[in-house]
Protein chains: 2
Amino acid sequence: MARTTGSDGEKTEAAVREAAVNLIARFGYEAMSMRQLAAEVGVQAAALYRYFPTKEELLFTLMREHMEGLTDAWETACPISADPVQRLSAYVENHIAFHIERRHATHVSNMELRSLSPERLTQILRMRTAYEKELRAILRDGAEAGVFSIDDTGLTAMALIQMMTGVIVWFRPGERLSITEVTATYLSMTMRLVGAGTDGETTHDGARALGRARDAAAL
Amino acid sequence: MARTTGSDGEKTEAAVREAAVNLIARFGYEAMSMRQLAAEVGVQAAALYRYFPTKEELLFTLMREHMEGLTDAWETACPISADPVQRLSAYVENHIAFHIERRHATHVSNMELRSLSPERLTQILRMRTAYEKELRAILRDGAEAGVFSIDDTGLTAMALIQMMTGVIVWFRPGERLSITEVTATYLSMTMRLVGAGTDGETTHDGARALGRARDAAAL
DNA sequence: GCTATAATAAAACGAACGTTCAATTAATTC
DNA sequence: GAATTAATTGAACGTTCGTTTTATTATAGC
């Protein structure tokens, strides 16, 4: 009726986070009750409040750490090269890999923004904007260097991000296509979309990007 | 304390629908209470049950009619022509126009699927799949005719739909870009994405699609 | 082995939820 | 103008919600 044998704060908190991501992704933040979450962890609802002061704080923590993870992943994957094509390839590969790997967390971060208080919403949106700004910079550099052919940098960045993030809606591991194949196809589509390779070999550019993606994924 | 002067069932039901779409889009289905909805309409909560037997039935009705509207819009916009480029252009123009015009309803239909019962979810998803199938058919025809260069028809269709639907996330009427300009840019991106116009004038294809979109929007 | 503390259970809080029901009044029909 | 129907109110139902409080037990340090 109180502390249970083998109970461990760190393990419980980790279990709460994981269960929360899964439940919120499946049922939504509002639909998930603290009692339901506690039951999934194998604990009473009151125990959750040892780790997270409120339900919203729990949601915010999940979102903030997801965004930090995305930013960190890009910082380590970001190539030193100044070649816009290589940078764009790295961005696409990192984005798709990260979002497929963390499908549930991405779902939460994208769908539950309206459940945050205004200040917390602003904080998450700032992180997201910073991440998207990286893509816009790549597109702008490529357009200025003449290797991309882009009508509107902002619009193209939004279109690309929504296209890539959309992968988590339909992608299921172990089905028709592997992550490698999906990434390769999306890289090919991305390069065509930004008009990369207008130097006469447009038709073969998709194949080149595809080969590059396969190389990268094989590492 | 009972029927109010000037009360009219049809008007009240229409007001309920409109208020529900706006509230669900803003706060989410679970977060919107029937009392909140009633207050927005200027009525007591019990009055809502004259028009919708349950909260979920209300959500389902909104979603079903939205999907029917989308299908109907495409049926009237669908050109008789067999030219894949023209058909794809029409699809993109219709999709973007419809989704911008009904931003809130689209938001509801995309975000609140998990709040439907299994049978109703299946019903909505069937309508959605049928609509997406139209795009896949266009892409397949274009690929077979050699006017499109596509790696994977299914993947490309999903990428395009997510790219286009994403417009409602950031588009706000009266800001930097008009609907016409946005549509033109998306048409251009779409055509490049599917590899339309590989006959040596790739670079100018975007401009052609853009002109076509401006013509269409000017009607 | 005692003490301090970390981790949890159990019960309860008031508030809000979706929904129902009976009563009441406006509009319509004859 | 009486009877009928349409539209709505106000109060209440039982349930569930997020959260708090208090008590209880396991673990760790000395």
Side-chain angles (χ1 to χ4, degrees), chain A residues 1-24 26-63 108 112 114-120, chain B residues 1-24 26-63 108 112 114-117 120:
Chain A
M1 311 177 179
R3 179 166 191 173
T4 56
T5 61
S7 63
D8 179 347
E10 281 193 29
K11 288 183 180 175
T12 303
E13 179 170 352
V16 170
R17 285 167 190 261
E18 191 189 333
V21 167
N22 292 332
L23 287 179
I24 296 175
R26 186 142 30 122
F27 302 109
Y29 169 77
E30 297 278 355
M32 179 200 74
S33 76
M34 295 300 269
R35 288 172 177 83
Q36 182 184 12
L37 173 58
E40 189 82 6
V41 177
V43 101
Q44 290 293 320
L48 302 175
Y49 289 83
R50 188 163 187 82
Y51 308 100
F52 302 96
T54 63
K55 190 185 179 187
E56 196 210 316
E57 184 85 34
L58 166 60
L59 175 64
F60 177 67
T61 301
L62 296 177
M63 286 188 174
V108 172
E112 308 294 349
R114 60 187 163 200
S115 294
L116 292 176
S117 68
E119 314 85 51
R120 295 194 166 133
Chain B
M1 312 177 178
R3 179 166 191 173
T4 55
T5 61
S7 62
D8 178 347
E10 280 192 31
K11 287 183 181 174
T12 304
E13 179 170 351
V16 170
R17 285 166 191 261
E18 191 188 333
V21 166
N22 291 334
L23 287 178
I24 296 177
R26 184 142 31 121
F27 302 109
Y29 169 76
E30 297 278 355
M32 178 200 74
S33 76
M34 295 300 271
R35 286 173 178 81
Q36 183 184 10
L37 173 57
E40 190 81 8
V41 178
V43 102
Q44 289 295 318
L48 302 175
Y49 288 83
R50 188 163 186 80
Y51 307 99
F52 301 97
T54 64
K55 189 184 180 188
E56 197 211 314
E57 185 84 34
L58 166 59
L59 174 65
F60 177 66
T61 300
L62 297 177
M63 286 188 173
V108 172
E112 308 294 349
R114 60 188 164 201
S115 294
L116 292 176
S117 68
R120 295 193 167 133

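Throughout, a chain's letter reflects where its sequence line sits, starting with A, and its residues are numbered from 1.
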- Query: Roughly, in whole Å, what's the span from NZ in Lys11(A) to C1' in dT8(C)?
  - Reply: 16 Å

- Task: Establish, with yes or no, whether the OP1 or OP2 oxygen of dT8(C) is under 4.0 angstrom from a side-chain nitrogen or oxygen of Thr12(A).
- Result: yes

- Query: Over how many whole Å does the gap from Glu56(A) atom CD to dT19(D) atom C1' extend?
  - Reply: 14 Å

- Between CD of Glu112(B) and CG of Leu59(B), what distance do you get to the nearest 0.5 Å? 6.5 Å

- Around atom CD of Glu30(B), are there more than 12 heavy atoms of other residues, nucleotides or ligands at under 6.0 Å? yes

- Task: For Lys55(A) and dT16(D), give me the distance from atom NZ to atom P, rounded to whole Å.
- Result: 15 Å

- Message: Strictly below 4.0 Å: does Tyr51(A) bring a side-chain N or O up to OP1 or OP2 of dT8(C)?
- Response: yes

- Side chains of Leu58(A) and Leu37(A): closer than 4.5 Å at any heavy-atom pair? yes

- Starting from C1' on dG18(C), measure out to CE on Met32(B) and report it in whole angstrom. 11 Å

- Here the distance between atom P of dT19(D) and atom CZ of Arg50(A), to the nearest Å, is 17 Å

- Message: Would you say that Phe52(A) contacts Glu13(A) through its side chain, given a criterion of any heavy-atom pair below 4.5 Å between the two side chains?
- Response: yes

- Take atom CG of Leu48(B) and atom C1' of dA7(D), then tell me their distance rounded to the nearest Å. 12 Å

- Note on the structure: Quick note, Ala46(A) side chain, CB onward, closest among dA10(C), dT19(C), dT19(D) is dA10(C)

- Query: What is the distance, rounded to the nearest whole Å, between atom CE of Met34(A) and atom C1' of dT8(C)?
  - Reply: 15 Å

- If you check every side-chain atom of Val43(A), which of dT19(D), dT8(D), dA9(C) has the closest atom? dA9(C)

- Message: Taking 4.0 Å as the cut-off, does a side-chain nitrogen or oxygen of Ser33(B) come that near to OP1 or OP2 on dC17(C)?
- Response: yes

- Message: Output the rounded distance in Å from CD (Gln44(B)) to P (dT8(D)).
- Response: 11 Å

- Are the side chain of Tyr29(B) and the backbone N or O of Glu56(B) linked by a donor-acceptor pair below 3.5 Å? yes

- Task: Name the residue closer to the 5' end of DNA chain C, choosing between Ala47(A) and Arg35(A) according to the nucleotide with the nearest heavy atom.
- Result: Ala47(A)

